[in-house]
Amino acid sequence: MRVPGRFYLSQQLMGTLEEGAVRQLANIATLPGICRNSLAMPDIHWGYGFPIGGVGAFTMDEGIISPGGVGFDINCGVRLITTPLQRSDLGQLKKVLQELYNTIPTGVGTKSCVTVSDHELNRIMTEGARWTIEEGYGTERDLLWCEEQGCIEGADISHVSQKARKRGRPQCGTLGSGNHFLEVQCVEEIFDPEAARTFGIETGQICIMIHCGSRGLGHQICTDHLKVLEGAAKKYRIPLADKQLACAPLTSPEGEAYLSAMACAANYAWANRQMITHLTREVLSRAFSLSTEDMPLVYDVTHNVAKIEEHVVDGTRTTLCVHRKGATRAFGPGSHDLPPGCDAIGQPVIIPGSMGSSSYLLRGTDGAMEKTFGSTCHGAGRVLSRSQAKKTISGDSLQESLGRSGITVLAPSAGSIAEEAPDAYKPSAEVVKVVHEAGISAKVARLNPIGVIKG
DNA sequence: ATGTGC
C-alpha cells in the first residue's frame, strides 16, 4: 500500500464489513498516484475491483483511471422532485402509481417510448440533460439543479462501440431493474430548516425520487473498455493486486479513451433521468392538474463516476481524478458547481433508502472538502447478495407487510421485490448517522416512501 | 448494474 486506507464506520456497521471489501480498499491504495487515502464510506460492500462505497483520488501526472472505480452502471444516480401535494391529496395513490408504472418502462431490456436516431444519440452522449430540455422534456431550471448541469465535458463518441450504441438507442427514458426505482415519498422530518428552505423542501410535502443509470449503453462501454485497460495495465507495467483493477495512466491514450467514453455514458444517464422526470410530470399533471413549474427538481446526483476536480491537498490546490463508486459528491459551501443560492450551504446530496426505508436529503460540508475529496455515502450497501435475499426472503409476504404499513409496491415479480428487501441492505439511518457525525455531510431532511415502482 | 450465467 502506498497510502493508508480509511473507513467511515460505526460499531454497528463494522459488524457487516466484509473481509473482501477491506481487501479491496487496500488494493486501491496500491495503485500509482493514489492521493492521501483510499476511502470507504459507511455503506461499503464488496464490488467489482473497487468496493461499492469506495473513493479513490489520483494525481493527474502519476495517477490512473479504472473502470472498476466507476462501476458497470456508469452514472447510476438519483434525483428528487417536489410537488405541491400533501399526503391527504393521495387518496388515489394506487391509481396514480399504476399510471406511473404503465407510463415509465421498467425492467431488464425494456424499450423507451422513443428510439432515438444515431444523430440524436450523439447529441445525448455529448450534451446530456441539455438535449432532453431542448427536445421539450423539461426546463432550463432543471439543468441548474443538477450536478454538472447534467453534462460532463470531454465526451468523445468515437470511443463508444456500435454495440454500445445499439443497446443505448432504444433505452433512453427507461428505469431498468435491480435497485433502480421510482418512489413516491413524503417529507417526514426537517433537520436543517434554512437548507431545506433553500432546497425547496417542507414537512408533509409529497416528492418523487428517481434512481436509475445509463442502462445497456453504460454497461457495454464498461465491458468494452475493461478489455482494453486489461491490456494497458500490462503495457504500462502497472502491477495489479486484482485483475478487476484494470486501469491505465490518466495521461495515456487508453485512459483518455475510457474517460471520454465514460463521459458519454454519464451524459446519457442524465438525459435518461430527465426523460423519466418528464414522463412522471405528465402523469402527475394529468392526475392533479399541475404544471411543470409546480414540480421543480430539488437536485440530481451521480453515484458512479470518475471526475477531474481540484482539491486542496497539503495546502496546495491539486487537480485530481476522483473515482466515486457507490459514493456521492458532497461539495461544501463556497465550492465550484453549486446550484443557485447554495454558496453558503453547500450542494444538495440525495441518499436513497432501500425499499420501504427512509431516504435522506443532506448537504455538502467543509469537512467533506477537507477529508474525503468532497464525498459522502450513497445509501445502498448490500448485506445480502441477490441470490441470498431471494432464498431467505419471501417477496409476496414482504409486499403484503409493506402494504400494511402503507407502502404500495408495484414490481414485475415477487423475486424482484425480495432482492431489494430492506433486510438485504445496511440500515440507511445508521449510514447517514455516520456521515453526519463524521462531518462529511449534514442532514437536511428525511423522507418516507409511500409508493414504489421497480423493474 | 446487465439483451443477468461457463
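We use all heavy atoms of the structure for the numbers below, so side chains are in, but hydrogens, waters and symmetry mates are not. Below, chain A is the first sequence line, B the second, and so on; all start at residue 1.
For A/S177, a side-chain nitrogen or oxygen approaches OP1 or OP2 of B/dT2 to under 4.0 Å. A/N179 has a side-chain polar atom (N or O) that falls below the 4.0 Å cut-off from OP1 or OP2 of B/dA1.
Distance CZ (A/F50) to P (B/dA1): 19 Å, rounded to an integer number of Å. A/Y48 has its OH atom 13 Å from the C1' atom of B/dA1, to the nearest Å. Atom CG in A/L226 sits roughly 17 Å away from atom P in B/dA1 (whole-Å rounding). One can place NZ of A/K390 at 12 Å from C1' of B/dG5, the figure rounded to the nearest angstrom. The distance from atom CZ of A/F181 to atom P of B/dA1 is 11 Å, rounded to the nearest whole Å. Residue A/K166 contributes atom NZ, which lies 18 Å from atom P of B/dT2 at whole-angstrom precision. Atom CZ in A/R386 sits roughly 6 Å away from atom C1' in B/dA1 (whole-Å rounding). Rounded to an integer number of Å, the gap from NZ of A/K111 to P of B/dT2 is 16 Å.
Of all the heavy atoms in A/T59 and A/L250, the pair that sits closest is O-CD1, 3.5 Å.
Residue contacts for A/K325: at a heavy-atom cut-off of 4.0 Å it reaches no nucleic acid atom on any strand shown. A/Q171 comes within 4.0 angstrom of sugar-phosphate atoms only, judged by non-hydrogen atoms across all strands, and of no base. Using a 4.0 Å heavy-atom cutoff across all strands shown, A/G213 reaches no nucleic acid atom at all.
Partners of A/Y8 under the ring pair (Phe, Tyr, Trp, His ring centres under 6.0 Å) rule, at least two apart in sequence or in another chain, do not exist in this structure. Applying the side chain to side chain contact (heavy atoms under 4.5 Å, CB included) test to A/V298 and every residue at least two apart in sequence or in another chain returns A/L80, A/T82, A/F199, A/I201, A/L361.
Applying the 6.0 Å contact sphere to CD of A/E18 captures more than 12 heavy atoms from other residues, nucleotides or ligands.
Using a 30° and 60° split on the angle between ring planes, A/H159 and A/H225 fall in the perpendicular class, above 60°. Using bins of under 30°, 30° to 60° and over 60° for the plane-to-plane angle, the ring pair A/H219/A/F72 lands in the tilted bin.
Proximity of the aromatic rings of A/H336 and A/F331 is defined here by a centroid distance below 6.0 angstrom, and this criterion is not met.
Within residues 214-225 of chain A, the residues having any heavy atom closer than 4.0 Å to DNA chain B are, in order of number, A/R215, A/G216, A/H219.
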